[in-house]
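Report on the structure given below.
Remember, predicted model here, so these are calculated numbers, not experimental data. Because only heavy atoms are used, hydrogens play no part in the values below, and waters and symmetry mates are left out as well, while side chains stay in. Just so you know, ligand 1 is whichever comes first in the structure, and atom 1 is the first atom listed for that ligand.
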Amino acid sequence: MSGLPKMELSKDAVDFIDDGYLIQLLSGPPPERQQVRDIVAKSLNKQALSIEETAVLLRTNEPELLEEVFNTAHTLKETVYGNRIVLFAPLYVGNDCVNDCIYCGFRRSNPLAVRRTLTPEELREQVLKMESVGQKRSILVFGEHPKYDADFIAEQVRTVYNTKNGHGEIRRVNINAAPLDHEGYRTVKSAGIGTYQIFQETYHHDTYSRVHPPNTRKGNYLYRLDGLSRAFEAGCDDVGLGVLFGLYDWRFEVLGLVAHALHFQQRYGVGPHTISFPRLRPACGVDFPGLGSVGDEHFKRVIATLRLAVPYTGLILTARENASLRRDLMKFGVSQIDAGSRIEIGGYTEKEEKQIADREQFELGDTRSLDTVMGELLQDGYVPSFCTACYRLGRTGEHFMEFAIPGFIKRFCTPNALTTLMEYLVDYASPETRAAGEERINMELAKFEDGPVKAELEKRLNRIKQTEDRDLYF
Ligand code: SAM
Ligand code: SF4
């Protein structure tokens with residue numbers, strides 16, 4: 001590790017991933033039917049599963065039982081989580097990187113990558129463009145480089161919040177960047193970040209060492225595994241986990257994610273806010289054999305199993321996947337998607353149609369516009385939402401509250417989804433999307449019982465339609 005800066009760990013940092021144990025859990029005989037059904041029933045009760053129980057679901061290969069797992073994920077989505085889908089768009093700030101992750105187009109040894117960091121003015125231009133189509137939530141993405149330190153990240157966050165465009169504003173800025181030390185997390189928190197995401201990429205130690213050279217910062221498995229524990233200790237309790245599917249056995253990785261979520265729950269009393277499950281994509285200058293190793297059927301199992309295992313965690317399905325697969329996978333409990341995304345540095349303003357390979361980290365599968373995705377979601381019976389109320393009101397652990405506190409969704413989530421949808425329809429939507437959206441809002445209103453919540457909601461929806469008032473959150 002010589003030449004690398006000091007890498008601070010959390011108090012009592014521990015490597016809680018025991019590869020041998022996880023492999024052993026997955027190599028048992030096929031489980032009894034009843035055992036699987038008991039675990040499925042537990043999930044329907046919104047109880048988190050242990051890694052042992054999750055492994056039982058993953059060891060099942062019987063088509064009938066798998067169908068029950070998918071149906072349960074679908075039922076949970078319909079009856080517990082409801083039809084809201086939160087929308088966001090990533091904003092890539094800079095692709096300089098000191099690491100050499102062999103699967104990534106930004107890796108330092110990639111001679112084809114064109115290195116670039118947005119200037120403050122360029123950042124503002126990207127934000128204005130995103131706001132001009134109706135984006136309200138973004139995640140800022142950075143390579144790992146000394147110049148992208150906590151102060152720099154905080155500065156970018158402030159710039160994004162301060163850049164307004166008529167009714168357009170980004171109201172929640174999440175971060176996907178390198179792990180920080182305690183001081184760094186305090187710095188980014190003071191800039192008002194939402195979720196801090198760090199993907200472990202793979203929980204399997206040998207694979208981790210193989211794809212992250214040991215003489216790099218990212219080569220330190222424990223430092224990364226512990227990254228979000230330091231965030232918790234520094235007061236950032238809104239964190240996101242993830243695995244890059246395709247690096248190692250997908251079943252093992254699902255257990256790693258569940259183990260990580262349980263670790264947070266045990267240590268800090270709350271689980272992760274979100275889990276992401278990016279799948280490996282082709283990238284410029286990358287020749288990695290894992291491409292395509294997790295097929296669509298297995299990917300569907302990843303999502304359904306996570307939905308059953310971690311009831312209070314939001315699931316993010318990114319635009320790495322193609323449009324028709326996203327449409328299908330949404331059913332199994334996804335709660336957030338990105339739409340209208342561009343991942344080239346400067347991509348929101350500089351090129352409209354084609355992806356620019358040498359400035360992006362990987363290829364996107366779904367490059368449709370936000371309006372097109374909104375239209376499809378509405379057609380499929382979803383309520384697209386840009387809600388940012390909870391974190392702005394200090395209601396942290398919102399995903400937990402949504403599902404654990406009776407009536408929370410009716411009182412807060414649905415009204416906020418509908419008011420933010422109405423803002424989109426009035427300010428940005430195409431005529432077809434607007435018509436579909438207004439119809440959806442009326443259908444949702446019809447489900448409310450008469451009373452003060454409904455009356456107030458109707459009042460605010462009308463205010464948005466008839467006046468310049470915006471951001472009327474509950
Ligand atoms: N540099 C920081 C890091 O590595 O944590 C943060 C940003 S990195 C640009 C965001 C994520 O993109 C990585 O954590 C990884 O999971 C994912 N990624 C990298 N290469 C990819 C590829 N070829 N296909 C799909 N996702 C990829
Ligand atoms: Fe750098 Fe992140 Fe890409 Fe690794 S995944 S090379 S750390 S940008």
Side-chain angles (χ1 to χ4, degrees), residues 4 90-113 115-117 139-150 152-153 156 174-180 184 188 195-203 207-208 210-213 215-221 223-228 231 239-248 253 256-257 274-294 299 316-322 338 341 343-345 347 355 357-366:
L4 294 177
L91 174 46
Y92 278 65
V93 180
N95 66 354
D96 274 292
C97 194
V98 292
N99 291 321
D100 214 12
C101 314
I102 65 176
Y103 46 79
C104 176
F106 290 173
R107 72 180 196 285
R108 72 178 182 208
S109 65
N110 185 0
L112 300 178
R115 304 290 166 183
R116 179 166 171 202
T117 303
I139 180 157
L140 302 189
V141 186
F142 303 81
E144 178 161 2
H145 195 277
K147 67 184 178 193
Y148 308 144
D149 62 7
F152 179 84
I153 295 174
Q156 312 310 301
N174 299 329
I175 301 293
N176 186 317
L180 301 175
V188 294
T195 308
Y196 202 97
Q197 285 186 352
I198 300 174
F199 302 161
Q200 186 63 21
E201 320 295 11
T202 172
Y203 284 93
T207 305
Y208 190 93
R210 205 163 46 77
V211 299
H212 303 113
N215 59 341
T216 60
R217 267 183 91 90
K218 197 155 163 182
N220 187 331
Y221 181 102
Y223 180 73
R224 194 162 178 96
L225 186 71
D226 184 59
L228 292 171
V239 302
L241 299 177
V243 150
L244 182 55
F245 281 90
L247 299 181
Y248 187 61
E253 305 291 20
L257 285 168
T274 55
I275 290 183
S276 307
F277 23 83
R279 220 168 19 157
L280 208 54
R281 297 281 304 155
C284 176
V286 172
D287 182 16
F288 187 76
L291 218 58
S293 63
V294 180
F299 194 51
I316 303 181
L317 177 63
T318 72
R320 287 175 182 82
E321 305 302 334
N322 69 50
D338 56 328
S341 301
I343 60 169
E344 311 91 328
I345 317 278
Q355 297 182 55
D358 51 9
R359 260 191 278 148
E360 69 186 4
Q361 193 195 9
F362 50 81
E363 280 174 28
L364 279 186
D366 183 358

Measure up the Y148 and F142 rings against each other and bin them: parallel (under 30°), tilted (30 to 60°), perpendicular (over 60°).
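Answer is tilted, since the angle falls between 30° and 60°.
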From C104, does some N, O or S atom reach closer than 2.8 Å to atom 1 (Fe) of ligand 2?
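Coordinating: no.
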Consider only side-chain N and O atoms of S109 and D100, and report whether a donor and an acceptor are under 3.5 Å apart.
yes
Only one of C104, P213, P179, C101 forms a side-chain contact (heavy atoms from CB on, under 4.5 Å) with K218, so which one is it?
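Result: among C104, P213, P179, C101, C101 is the only option passing the side-chain contact (heavy atoms from CB on, under 4.5 Å) with K218.
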N/O donor-acceptor pair under 3.5 Å between Q200 side chain and L225 backbone
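Confirmed, Q200 side chain pairs with L225 backbone.
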Under the 3.5 angstrom rule, does the side chain of R116 hit a backbone N or O of N95 as a donor-acceptor pair?
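Checked: no pair found.
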Closest heavy-atom pair, P90 versus S341, reported as atoms and distance to 0.1 Å, is CD-OG, 3.1 Å
Using non-hydrogen atoms of the residue, decide whether [X] is closer than 4.0 angstrom to ligand 1.
X	result
L280	yes
N176	yes
Q197	no

Applying a heavy-atom cut-off of 4.0 Å, say which part of [X] lies close to ligand 1: side chain, backbone, both or neither.
X	value
R279	backbone
F362	side chain
R224	side chain

Heavy-atom contacts under 4.0 Å between K218 and ligand 2: side chain, backbone, both, or neither?
side chain
To the nearest 0.5 Å, how far apart are CG in L244 and OG1 in T207?
12.0 Å
For atom 25 (C) of ligand 1, which protein heavy atom lies nearest, and how many Å away is it?
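Looking only at protein heavy atoms, the one closest to atom 25 (C) of ligand 1 is R320 NE, 3.2 Å.
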Looking at atom 1 (Fe) of ligand 2, what's its closest protein heavy atom, distance included?
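Scanning the protein heavy atoms, the shortest distance from atom 1 (Fe) of ligand 2 goes to C97 SG, 2.2 Å.
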Pairing of R217 and E144 as salt bridge, 4.0 angstrom limit
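Looking at R217 and E144, the cut-off is met.
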Sub-4.0 Å atoms of ligand 1 with respect to non-hydrogen atoms of L244:
16 (O), 25 (C), 26 (N), 27 (C)
For V141, the atoms of ligand 1 under 4.0 Å from one of its heavy atoms are 7 (C), 9 (C)
Can you check whether F142 has an N/O within less than 3.5 Å of an N/O in ligand 1?
yes
